[in-house]
Amino acid sequence: MPETPHEKANPEAQHSDSFFTLKWKGDIDGTLLLLDQTLLPHQNVILDLKSPQQVMDAIVKLAVRGAPAIGVAGAYALCLATRDLTNSSDVRVRLKEVAPSVRNCRPTAVNLATMVDRMMNLLNSEAAASLEGQKLRELLFSEASRIEREDQDYCQRIGLAGASVIPNGSTVITHCNAGALATAGSGTALSVVYQAWEEGRRFQVLADETRPLLQGSRITAWELQRKNIPVEVICDGAAGSYFQRGLIDVVITGSDRIASNGDAANKIGTYSLSTLAKAHGIPFYIAAPSTTFDFNIQNGTQIPIEERPEEEIWSVVGKKRPIGNIKYGNPAFDITPASSITGWITEVGIIQPPFEEIR
Ligand code: MRU
C-alpha cells in the first residue's frame, strides 16, 4: 500500500509574508515538510513526507518544483531512505537502490541529478568509508543541509548580482516561477526582482501565466503580491503584443539546465519570449546558480526535455478527454539559444560563455 503523506492546512501562511518551500522537521530521523504548490494560490497545505517515494511523487506531480528546490528535495529524499537503518552496509545498499529513481524522476533540471550524485559521491568517499551506520547517516544529513544552505546563499547573491538590470520605472517580464517557491531561498529571477525593489527602485512585473500548469499566474503572482510588487498576469500568447507596443524593458527568467555554450532550458514558452525579446532589441537575462550549469554537455540539443501527461492540456476544458483522435504534445521545457541571452546572472555576477568563473 503506498503511504499517503500527512497533510496539514496552514491557514496563517495564506495571509502572512512568510512561507517556506521546503524544510526539514526534527533531527536526522525527522521528515521533510513541503508546501504543496499544486494547490496554490487558493489553498495552503503542508505535506509531511516520510519516504523517498513520497518525495518522488511530490516532485513528479510538481508539489515541489523549480530546479534548485527539487535538487534540495532530492538530497533530503536520500536522508529519508535511511530513516529506519542502523547498520552502515544497510544504509549503503538502500541508497544504491533508491538513488537512481530519485535522480531521474524529472529529467530536465540538472540540479536534481547533481545533488543526488553529490550525496552518493560522499557515501562512496574516504570520509565515509569507516563510519558506522548512525555516523554515516549524520554525515549524509549534514550534506543535505549544506546543499539547502548553499542554495539560500546563491539566491541572495544572484539577487545582488542582477538587481541593477532593472531600472526605475521599468516593466520586467518573467515566465513560469523562478521565485522563492522554486528554490530553498529567495529565488533566482525573482531574487533579482526582490533585490531591485529592496534597493528602492519602483517598477512592475508582467507574469506570463505559463500554460499548461499556470506557475506564472498561480505562483509568481502569489509571491509578488505578498511583497506588494505590482504584478500583471498575461496569457503566454499576449507577450508579443506587449513587446510590439513597447511595454517591456527587460526579460528575466530562471533556467533548469544551462549547457557549456550557454544554451538554457527553461519552462516551455521561454524560447518564444527570448525570440520576441531579440526581435524587439530588449535584453533577456537568465538568472541561475552555478548548480544549474551542466559542463558535461556542449549545447542545448543535449538537454533531455521532459514530456508530461496530455491531461495537463485537456483537463482545463473538462474532466474528460475530448472525444476523437486528437493528439496532444506537452513538452515541459524548451531551449533558449545562447545567442538570444544578454547575460547569465549567477551568484558570482553576470557572466558570459565560456563561464570560466564557475567551471
Ligand atoms: O516545471 P517547473 O515548474 O519545475 O519548471 C520550473 C521552471 O521552469 C523554472 O523557471 C526553473 O526551474 C528555474 S527555477 C529557479
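Numbers for residues simply follow the sequence, beginning at 1. Read the numbers this way: they start at 1 and go in the same order the structure lists the ligands and their atoms.
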Problem - Flag if over 12 foreign heavy atoms under 6.0 Å of CD, Glu232 - result: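 Atom CD in Glu232 is crowded, with more than 12 foreign heavy atoms closer than 6.0 Å.
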Problem - Sub-6.0 Å ring centroid separation between Trp344 and Phe293 - result: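 Ring centres of Phe293 and Trp344 not closer than 6.0 Å.
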Practice task
Please list, chain by chain and in numerical order, all residues satisfying ring pair (Phe, Tyr, Trp, His ring centres under 6.0 Å) with Phe333, sequence neighbours excluded.
Solution key: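 Result, ring pair (Phe, Tyr, Trp, His ring centres under 6.0 Å) vs Phe333: none returned.
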Practice task
Mind checking salt bridge (Lys or Arg N to Asp or Glu O under 4.0 Å) for Asp90 and listing every partner two or more places apart, or none if nothing turns up?
Solution key: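 For Asp90 there are no salt bridge (Lys or Arg N to Asp or Glu O under 4.0 Å) partners, ignoring immediate neighbours.
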Problem - Partner residues of Glu310 under the salt bridge (Lys or Arg N to Asp or Glu O under 4.0 Å) criterion, sequence neighbours left out - result: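 Per chain and number, Glu310 pairs via salt bridge (Lys or Arg N to Asp or Glu O under 4.0 Å) with Arg321.
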Exercise for the section: Determine the interplanar angle of the Phe203 and Trp197 rings, folded into 0 to 90°, and report it as parallel if under 30°, tilted if 30 to 60°, perpendicular if over 60°. Expected result: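 The arrangement is perpendicular - the two ring planes meet at more than 60°.
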Problem - Sub-4.0 Å heavy-atom environment of ligand 1, residues by chain - result: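 Under the 4.0 Å cut-off, ligand 1 touches Leu62, Arg65, Gly66, Ala67, Pro68, Arg106, Cys176, Asn177, Ala178, Ala182, Thr188, Gln215, Gly254, Ser255, Asp256, Asn266, Lys267, Phe333.
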